[in-house]
Amino acid sequence: MSIDLKTWETLTRGVTEIISEAELKAKLAKGKPLNIKLGVDPTAPDIHLGFTVVMRKLRQFQDLGHRVILIVGDYTATVGDPSGKSKTRRILTHAEVLANAETYKQQFFKIVDPAKTEVVYNGDWFSKMTFTEVTNLMAQITVAQMLEREDFRNRYEGGQPISLHEFLYPMMQGYDSVMIEADVELGGTDQKFNVLRGRELQRSVGKEPQVGMFLPILLGTDGREKMSKSLGNTIGVNDAPQDMFHKLFTLPDALVESYFQLLTDVPLENLSAKLAQVTAGEIHPNLLKEELAKNIVAQYHGTDAADAAAQEEKRIHSGQAIPSNIPEFQVSLGSQWVPSLLVLAGLAKSNGDGRRFIEGGSVTFDEVKITDPKAQVEVTGTHLLRVGKRNFARIIALDAAS
RNA sequence: GGGUCGAUGCCCGAGUGGUUAAUGGGGGCGGACUGUAAAUCCGCUGGCUUCGCCUACAGUGGUUCAAAUCCACUUCGGCCCA
């Protein structure tokens with residue numbers, strides 16, 4: 001397992017920082033399978049593309065013969081990672097964490113090879129730790145060092161509460177590295193502080209320190225903030241092909257390059273050539289985005305589904321075509337008040353919300369615009385209800401007799 | 001433990017007795033423009049079959065014709081002192 005140039009390029013693709021490159025090269029040069037660590041607290045069972053950046057890197061290590069150790073942070077999750085947070089996290093119950101872990105693994109193994117993965121729970125060691133051991137662990141760091149962290153410092157200076165238990169988290173994560181004898185720990189750039197704890201703790205017990213490999217934080221579909229469930233800007237690995245395609249295709253242009261780099265294997269030299277052509281006006285930006293969307297959808301749903309999604313996307317948005325999969329709702333036969341129909345079909349949050357859509361002129365029933373918020377509509381068979389360009393529902397009369 | 005300041009709608013943040021469902025910004029949604037992008041512009045953004053009614057400004061009680069605004073207590077938080 002010598003480190004040829006190609007291997008090195010694969011491993012460092014998209015990587016922001018390696019601490020340190022020299023150590024990583026030395027470890028690789030040993031020619032033995034390395035322990036590649038990833039710690040997760042299974043607080044968000046729905047994995048989105050933001051998480052897959054790191055997972056793909058794990059997979060690349062596996063393909064080179066290394067072993068992934070996935071640490072399910074059943075104990076750390078009850079503490080809550082303060083990384084990048086501006087607020088104290090809610091503390092999860094142990095039962096919640098275990099349930100989430102199962103869902104997590106299912107999605108995790110869509111990318112990472114289960115045959116080359118060992119899954120461990122950090123409760124295995126933390127549950128057995130004595131108070132004295134915890135004290136000794138916490139003695140390894142000072143308050144000033146903790147407050148150097150940007151997120152803690154911002155909260156502290158901004159007058160936001162920081163609970164003392166949050167200081168435990170980085171130390172616990174570091175201790176995980178000691179326990180599993182990690183050679184490399186992967187993480188987003190926001191994990192730097194925690195990963196460095198691992199190095200120090202390993203060193204303090206006379207073990208070879210792990211290498212920290214940091215990947216960029218993927219921005220969400222809004223193009224502004226990191227992809228995160230609470231911000232509602234995610235693309236989930238479990239999203240339906242059409243859904244996934246649409247979100248990728250409507251991505252802000254500025255994200256296309258990073259998505260290609262972090263979420264696909266498209267050779268980087270091809271990519272920069274294409275981007276240059278787009279800038280020069282030789283290629284339409286949408287063409288590149290279509291390629292991106294197809295590539296990623298294919299990874300999760302296969303190339304057939306990706307092609308079909310691309311076709312459907314074009315069909316719907318090039319003209320006034322109506323999507324083929326519209327949610328259907330049954331309502332009773334006869335006269336119906338439009339706002340309540342909108343609520344029933346999930347197109348409006350409340351009757352008032354529905355009224356506002358009508359007043360805003362964005363509601364049609366069988367493609368006829370509704371302008372009066374008091375409007376009644378005759379439901380006699382199958383009808384099309386629509387809000388704006390993209391929100392559809394089919395209304396089906398439910399015969400009173402049946 | 002003592003002192004002091006604070007808690008407003010999804011978020012930030014005005015408002016300190018009465019045209020107040022509550023200024024403004026962000027976000028979100030709908031529309032125009034466009035490339036299904038960005039930028040810009042316009043509208044909407046508590047509930048109710050709504051020219052009206054109801055519920056809301058941490059919680060509970062009180063003062064008042066009238067409170068998010070005044071008082072008391074409670075809960076939570078910041079800062080200073082220990």
Side-chain angles (χ1 to χ4, degrees), chain A residues 85-88 90 152-164 166 219-235 242-260 274-275 277-279 281-294 297 309-323 331 334-364 369-377 385-393:
Chain A
K85 289 284 153 184
S86 52
K87 289 178 183 171
T88 305
R90 184 176 78 86
F152 279 144
R153 192 179 58 239
N154 288 346
R155 283 164 66 184
Y156 189 64
E157 288 174 358
Q160 294 296 313
I162 301 172
S163 290
L164 205 49
E166 295 180 69
L219 292 179
T221 51
D222 56 27
R224 248 183 294 263
E225 309 237 38
K226 72 169 184 177
M227 189 175 280
S228 131
K229 207 177 166 191
S230 58
L231 294 170
N233 60 1
T234 59
I235 301 173
Q242 194 61 52
D243 210 22
M244 199 181 245
F245 192 97
H246 181 73
K247 287 180 187 172
L248 287 164
F249 195 61
T250 54
L251 214 59
D253 287 0
L255 297 190
V256 170
E257 183 174 8
S258 65
Y259 272 48
F260 264 114
K274 278 181 188 161
L275 286 165
Q277 281 179 288
V278 169
T279 311
E282 290 162 24
I283 298 186
H284 195 288
N286 282 351
L287 227 56
L288 202 56
K289 261 196 252 188
E290 187 185 347
E291 187 187 331
L292 175 71
K294 270 192 187 172
V297 173
Q311 289 305 315
E312 175 79 350
E313 185 76 12
K314 265 184 202 153
R315 203 177 68 77
I316 297 166
H317 294 282
S318 58
Q320 276 79 41
I322 292 154
V331 300
S335 195
Q336 298 286 340
W337 185 44
V338 180
S340 76
L341 271 185
L342 289 168
V343 172
L344 214 89
L347 297 173
K349 291 194 294 271
S350 66
N351 290 352
D353 196 36
R355 275 172 174 278
R356 282 178 223 117
F357 279 131
I358 293 170
E359 282 161 10
S362 54
V363 177
T364 63
K369 192 182 232 182
I370 307 289
T371 50
D372 180 7
K374 289 181 179 163
Q376 300 274 335
V377 115
L385 189 61
R386 174 174 191 173
V387 176
K389 292 178 189 165
R390 288 168 204 170
N391 310 297
F392 298 85

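Protein chains get the first letters and strands the later ones, always in sequence-line order, with residue 1 at the start of each.
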- Item | Nearest-angstrom distance from the residue atom CG of A:Asn351 to C1' of B:C54 | 15 Å
- Task: Hey, could you give me the CG/NZ distance between A:Leu292 and A:Lys274, rounded to the nearest 0.5 Å?
- Result: 11.0 Å
- Query: B:G35, B:G31, B:C29: which one has an atom nearest the side-chain heavy atoms of A:Phe357?
  - Reply: B:C29
- Query: Between atom CD1 of A:Ile358 and atom CG of A:Leu342, what is the distance when rounded to the nearest 0.5 Å?
  - Reply: 5.5 Å
- Check whether any side-chain nitrogen or oxygen of A:Ser340 sits under 4.0 Å from OP1 or OP2 of B:U49, and answer yes or no. no
- Please answer whether the main-chain N or O of A:Asp353 pairs with a side-chain N or O of A:Ser350 as donor and acceptor at a distance below 3.5 Å. yes
- Message: With rounding to the closest Å, how many angstrom separate the P atoms on B:C53 and B:U60?
- Response: 24 Å
- Classify the nucleic acid contact of A:Gln336 as base, sugar-phosphate or nothing, counting any heavy atom under 4.0 Å across all strands shown. nothing
- Pick base, sugar-phosphate or nothing for A:Leu255, based on heavy-atom distances below 4.0 Å to the nucleic acid. nothing
- Query: When you compare B:C70 with B:U63, how far apart are their C1' atoms, in angstrom units rounded to a whole number?
  - Reply: 8 Å
- With heavy atoms under 4.0 Å as the rule, sort A:Phe249 into base, sugar-phosphate or nothing. base
- Where the side chain of A:His246 is concerned, which of B:U36, B:C48, B:G30 is the nearest nucleotide? B:U36
- Query: Taking the P atom of each, how far is B:G26 from B:U40, in whole Å?
  - Reply: 10 Å
- Item | Nearest-Å distance once atom P is located in both B:C73 and B:C10 | 30 Å
- Task: Give the rounded distance in Å between these two atoms: CD1 of A:Ile370 and C1' of B:U49.
- Result: 15 Å
- Query: Roughly, in whole Å, what's the span from CG in A:Leu292 to P in B:U36?
  - Reply: 18 Å
- Item | Closest to the A:Lys389 side chain, choosing from B:G31, B:U49, B:G47 | B:G31
- Query: A:Arg355: what forms a salt bridge (Lys or Arg N to Asp or Glu O under 4.0 Å) with it, not counting sequence neighbours?
  - Reply: none
- Query: Expressed in angstrom and rounded to an integer, what is the separation of A:Lys289 atom NZ from B:G35 atom P?
  - Reply: 13 Å
- Task: For B:G30, take OP1 and OP2 only and decide whether either is under 4.0 Å from a side-chain N or O of A:Asn391.
- Result: yes
- Should A:Glu359 and A:Arg356 count as an ion pair when the cut-off is N to O under 4.0 Å? no
Just the table, please: protein N/O against nucleotides 38-45 of chain B N/O, every pair under 3.5 Å.
none

- Item | Backbone of A:Thr234 reached by a side-chain donor or acceptor of A:Lys247 within 3.5 Å | yes
- Counting any heavy atom closer than 4.0 Å, what does A:Gly388 reach on the DNA or RNA strands: base, sugar-phosphate only, or nothing? sugar-phosphate
- Message: Using the P atom as the point on both nucleotides, what is the distance between B:U34 and B:G15, in whole Å?
- Response: 43 Å
- Would you indicate whether A:Glu257, at its atom CD, is surrounded by more than 12 heavy atoms from other residues, nucleotides or ligands within a distance under 6.0 Å? no
- Message: Looking at A:Glu313 and A:Lys294, is there a salt bridge between them, counting it only when a charged N and a carboxylate O are closer than 4.0 Å?
- Response: no
- RNA chain B stem ranges, 3 or more consecutive Watson-Crick or G-U pairs under 3.5 angstrom: B:1-7 with B:75-81, B:10-12 with B:24-26, B:27-32 with B:40-45, B:46-48 with B:52-54, B:58-62 with B:70-74
- Message: Quick check on side-chain contact (heavy atoms from CB on, under 4.5 Å): which of A:Val256, A:Asp253, A:Thr279, A:Leu275 does A:Pro285 satisfy it with?
- Response: A:Asp253
- Query: Roughly how far apart are A:Ser228 OG and A:Leu219 CG, rounded to 0.5 Å?
  - Reply: 11.5 Å
- Item | Inter-nucleotide P distance (B:G18, B:G30), Å rounded | 39 Å
- How far does the P atom of B:A68 sit from the matching atom of B:G1, given to the nearest Å? 33 Å
- Can you tell me the distance, in whole Å, between the CD1 atom of A:Ile162 and the P atom of B:G77? 14 Å
- Message: Rounding to an integer number of Å, can you tell me how far A:Arg390 CZ sits from B:G28 P?
- Response: 13 Å
- Message: Taking A:Pro161's backbone N and O only, do any of them form a donor-acceptor pair with A:Arg155's side chain (distance below 3.5 Å, no angle check)?
- Response: yes
- Query: So does A:Ser350 get a side-chain nitrogen or oxygen closer than 4.0 Å to the phosphate oxygens (OP1/OP2) of B:G47?
  - Reply: yes
- Item | Comparing A:Val387 and A:Val343 on RNA chain B - which has the more 5′ nearest nucleotide | A:Val387
- Query: What's the closest nucleotide to the A:Pro161 side chain, out of B:U50, B:G78, B:C48?
  - Reply: B:G78
- Student check: side-chain heavy atoms of A:Phe392 and A:Leu385 closer than 4.5 Å: no
- Which nucleotide, B:U50, B:U36, B:C48, lies nearest any side-chain atom of A:Arg355? B:U50
- Integer-rounded Å distance: B:C48 P and A:Lys374 NZ: 16 Å
- Task: Find the distance A:Asn233:CG to B:G28:P and express it as a whole number of Å.
- Result: 9 Å
- The answer to which of A:Gly352 and A:Leu251 contacts RNA chain B further toward the 5' end, by nearest nucleotide, is A:Leu251
- Task: Provide the distance between the two P atoms, one in B:U74 and one in B:C29, to the nearest whole Å.
- Result: 44 Å
